[in-house]
Amino acid sequence: MNWCPELGTVLANEEVIDGKSEVGGFPVIRKPMRQWMLRITAYAEKLLADLDTIDWSDSLKEMQRNWIGRSEGAEVKFQIAGSGTGILPVCSKDKADAETHRQDACATTIRVFTTRPDTLFGATYMVLSPEHKLVPQITTAEQKKAVEDYKAHAAGKSDLERTELAKEKTGVFTGAYAINPVNGEKIPIWIADYVLASYGTGAIMAVPAHDERDWEFAKKFGLKIQPVVGSLQMRGQDITPSPTVPNGVNLTTFVTIAEKQAAVHYFTDVCVAADGVGIFSSNPEVSLDGLGTNEAKNKITAWLEEKNLGKQTINYKLRDWLFSRQRYWGEPFPIIWKNGQHEALPESALPLLPPTLEDYKPTSSGEPPLARAKDWLNLPDGSIRETNTMPQWAGSCWYYLRYLDAKNSTAFVGKDVESYWMGGEGYRLKVEGFRKDVAANPEPLTLEPSTSTPGVDLYVGGTEHAVLHLLYARFWHKVLFDLGLVSTAEPFFKLVNQGLILGSDGQKMSKSRGNVVNPDDVLVEYGADAFRLYEMFMGPLQDTKPWNTQGVEGVYRFLGRVWRLFVDEPSETEFEQAETVTTKAQSHQGLLDLIKLNSSIKDVAATPAQLKTLHACIKKVTEDLDGMRFNTAISAMMVFVNDAISWEAKPVSVLKTFLQLLAPFSPHLAEELWAKLATFNLQPATNLAYAPWPKFDAALLVENEIEIPVQVNGKLRDVIKVSVTATVAELEALALANEKAKPYYEGKTIKKIIVVPKKLVNIVAT
RNA sequence: GCCGGUGUGGCGAAAUGGCAGACGCACAGGACUUAAAAUCCUGGGACCAUCAAAAGUCGUGUGGGUUCGAGUCCCACCACCGGCACCA
C-alpha cells in the first residue's frame, strides 16, 4: 500500500505523484496493509471504449487512455530449469499470492507478459521483480545472500528514489535458469527493480536486441544479445522498416551467412525496438523468418496456444482502486466482522453514520481513528464494525445524482427524477407528480418530457481531476448503470476544461514563487462583478492564461462606464456626501434613492442606428454565450457601451435590453440599475434574474451600403462603398473603374476577376 | 522517450479561406484641475522616406505546398506549456 505517515492514511495510486502525496506533497512509503479495493479494473475496457461516446477534450481523453494503459500481447510460460527433478523443493502455499501473480501455487513455470511475442526467439534471459513470489523458491544457495541483499535494498527505496535512479540498471542473478519454450535454450533468471511487481505478471522475458531497457541491462551484465528482427537499415539501405513485407524484397533470404555475424554485431552496438521482419527465428515446428512483425506475432501466439505454452492477453496499467482510508472524515463502511468473516449491513441499517469522536486525528500506527469509538465499534452480538472509512472521492462519485433529489429518504435518487434529468433526448416521461415523500412541496410538480442532452448537461472542471474524480465517477456511474439504477452509461457527456490561471509572471501560481493571487483581495478591491467579468474577459475559457491585475482594472472601468451610462453624476455626488454624514441607523435604501437616473435616459423610440447597435450586441452576446466565448461577448458589450454613452437621448427600452444581456456577466450591477429603471413603469419583471433573454431581429441588422475591398492579385488596393444589393457585374465594373487599383494591372492581361458578392473583388492579372 | 495542446503588436487577445490586430491593458500626447487622482479626447505592427504627409515594401514560430486569395487547409521542422514515463 502507499502509506503516507504525515497524513496518517493510505492513498490510491492516482493520489501519489512522484512518490509524494497529491494533497500536501508529503512522502509516501510502501507498507503492507490489508485494505479495501474496488475492482475498477473490471471496467477498464468499458472505461476505455466509452471515451469515444463523450464530448471531452482530446488531451483529457488521452490522459485517461494512458492511465488505463491497455496493451495487447501474449502471456508466455517459461519452464524453470530443473523443476520437477526435486532440485527446487520450496513451493508457495499462499493461494492469494499465487492469484496476484497469476502464478501456480507450486510453480514449475514463470509467466511473463509481452507485447512482442514475435521476439521470443531473442529472449536470452529473464528478469523477475524483486518482490516476485518465486524469487525465494528459485534462488540457489550460492546466490541467496546477494539476492536477499538486493531485495532489501529495493524495498528500502521509496517510489521516488526508484524512478529517480532509473537511469542506471541494477540487478542480481538468482542462480536459476529457465527454458525458452521456442528453442529450448537455457537462459538465466535475474531479479532487477526495473521490472515492476505491479504490472503484468511481475516478470519479463528479456530481449536485449530489441528492447532498450533489456539492452542496457544486458550490456551492463554481459548477457547474450540475440537479434531476431531485421530491418533493412542493417544493410545500409535507406528503406524504412515496415510491419509488412515490402513488395519485391525477398526477406527470407535477407540475411546471408556473411551478414549473420554483422547483424549480431550490429545489435550489440545498438538496440532497434522498431517493427521489422523476423530473422534467426525458427525451430523445426514454427518459423517467423521473413514475416512482418504483426504476422509474426499472430503466428507465434497461435503456436504457443496450440502447445499450451501461452495465450493472447490484454494487459492494463490501471490498478484496482484502493478505497479505504484511515481518516475520521469519510463515510464508514457498512461492513461488520463476525468471527473473522466480513459481511455487509442490511439496507435497513443504512445510512451508517460515523460516531462522535473527541480525538479524530489520525493515528501513527495506521489504525483508523474510528477504532477509538469503542461503543460504536462493538455490536451487541459480538461482531465488530469495520473502522476504515471511504475516501473523499466516494461522495464526488454521485453527488450530481443526489442533487437531483436531495430530500429523498428512501432512495439515493428517485427513478423518475433521475430519468428526467439524466435521461437522454427522446426520453418521454409520464409522471403523475413529484415523489410523495416531499411533504414540503404541497403542489406536486409535473415533470415535462426531457429534451435535454443526456447526463449532466455541462460539466466544467480542471484537468487535475483527469485520472481521479473524472475516472472514478465514470466507473461508479457505469456500475450503477449496469445495476439498472441510472439511465446512461456515462455521467458527463459534455465536459469543458477551464484553462489554468497562471501568475502574472506566466508561471503556475505557487506559494514558493510568491505569485499567488488571493481572490478575497480582488473582491475587496474591485467587487465580485468586476472579478468574474475579468475572469471571463481574459481569454478563451479553455486556454491557460496569466493573471494581470491591471486587466481587472480595465473591466472595472468598463463597469464604471456602464454605471455612468445610467446614473446622473451630480446625484451621485450628493449620495456620496450624504453617506459620509449618515449614521448607520438611517436607512440605506433612503440613501440609495438619492442616486437618480441620468436625465438623458428618455422614454423615446430608438433610432434605426441605435437599434442596430443594440441588436448587433444581442446577436453577438447570445451566440457567444452558446459557444462559451465569454471574452468576445464582453467585447461586444464594450462596443455597445462605447457607442451608447455618446447618445444624446438614450431610449430606456434599449438600455433595459442591454441590462438583460449584462446580467449573467455582472449580476449585481445589472440588477441594481434594473431597479433604477423601474421609475419608467416599463413593467419589467420585478427581478432582472427572471427577465426573459432578449431576441435579436435580423431585419434590423441589414446594411444598405457595405465596404468592399478591391484586390489586385490578392493584394488590397482600395475599399469601395457599394449597395448591398450590387450584382456581380456591377461589382466587377466598379472594381475596374477604381483608380487606385488601376496602376497595378495596367499593361498586364486580366486573366479573370473573382467577385464574391458582399465580400470582395479580386482582379487577377499577369 | 511517448501522448496532448499552444505559437498573431510591449502585454491579454480578435478574425465562416476574403480589409490581420476588434475589445481591453500598458504607453504617448491633449482637455479638465492650483495640482494630482478620476474622467474625457487623440495616437500607434515593423520598415523605408520625410519639415510633414501621401505612396510603397514587409508582417500571424520556421521552411515548403494547395488556392485568384492562407493566421485559417496540407506536409516537414522548431520552440514553449501540460500530462505520462523502466508499463515489458
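Residue numbers start from 1 in every chain, and the chains themselves are labelled A, B, ... in the order their sequence lines are given, proteins ahead of strands. If you're wondering where the values come from, they're calculated on a predicted model, not measured in any experiment. Computed over heavy atoms, backbone and side chain alike; hydrogens, waters and symmetry mates excluded.
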Along nucleotides 56-61 of chain B, 5' to 3', which nucleotides get a B, which get an S, and which get a -, given that the test is a protein heavy-atom distance under 4.0 Å?
SSS---

At under 4.0 Å between heavy atoms, how does the protein contact nucleotides 20-32 of chain B? Give one character per nucleotide, 5' to 3', with B, S or -.
--BBSSS------

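By the 30° and 60° cut-offs, the orientation of the rings of A/Phe217 relative to A/Tyr194 is tilted.
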Should A/Asp718 and A/Asn738 be marked as a side-chain hydrogen bond (donor to acceptor under 3.5 Å, both in side chains) after you check the CA-CA gap, both sets of side-chain angles, and the distance that decides it?
CA-CA 8 Å; A/Asp718 199 11; A/Asn738 188 278; 2.8 Å; yes

Start with the C-alpha gap between A/Arg561 and A/Asn642, add the side-chain angles, then the distance that decides, and say whether side-chain hydrogen bond (donor to acceptor under 3.5 Å, both in side chains) holds.
CA-CA 8 Å; A/Arg561 280 165 75 79; A/Asn642 288 346; 2.7 Å; yes

Protein-nucleic acid N or O pairs under 3.5 Å, nucleotides 44-48 of chain B:
none

N/O contacts under 3.5 Å, protein versus nucleotides 79-81 of chain B?
none

5'-to-3' dot-bracket of RNA chain B (Watson-Crick, G-U; under 3.5 angstrom; crossing pairs as [ ]; | other strand)
(((((((..(((.....[....))).(((((.......))))).(((........)))..(((((..]....))))))))))))....

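For the salt bridge (Lys or Arg N to Asp or Glu O under 4.0 Å) condition, the pairs that include at least one residue of residues 61-70 of chain A, sequence neighbours left out, are A/Glu45-A/Arg70, A/Asp52-A/Arg65, A/Glu62-A/Arg65, A/Arg70-A/Glu72. Applying the salt bridge (Lys or Arg N to Asp or Glu O under 4.0 Å) definition to pairs two or more places apart or across chains, those involving residues 623-637 of chain A are A/Lys619-A/Glu623, A/Lys620-A/Asp624, A/Asp624-A/Arg629.
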Solution key, residues 533-543 of chain A side-chain donor-acceptor pairs under 3.5 Å, sequence neighbours excluded:
residue  : atom : partner  : partner atom : Å
A/Tyr534 : OH   : A/Asn548 : N            : 3.1
A/Tyr534 : OH   : A/Asn548 : O            : 3.3

Just distance, no hydrogens or angles: give the donor-acceptor pairs under 3.5 Å from side chains in residues 739-764 of chain A, sequence neighbours left out.
residue  : atom : partner  : partner atom : Å
A/Tyr745 : OH   : A/Leu736 : O            : 3.0
A/Asn762 : OD1  : A/Asn713 : N            : 3.3
A/Asn762 : OD1  : A/Gly714 : N            : 2.9

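Note: CZ (A/Phe113) to C1' (B/rA88) measures 8 Å, nearest angstrom.
RNA chain B is contacted by no residue of residues 117-127 of chain A, taking any non-hydrogen atom closer than 4.0 Å. At a non-hydrogen distance threshold of 4.0 Å, A/Lys759, A/Leu760, A/Asn762, A/Val764 from residues 757-766 of chain A come into contact with RNA chain B.
Applying the ring pair (Phe, Tyr, Trp, His ring centres under 6.0 Å) criterion to A/Trp647, with sequence neighbours excluded, gives A/Phe640.
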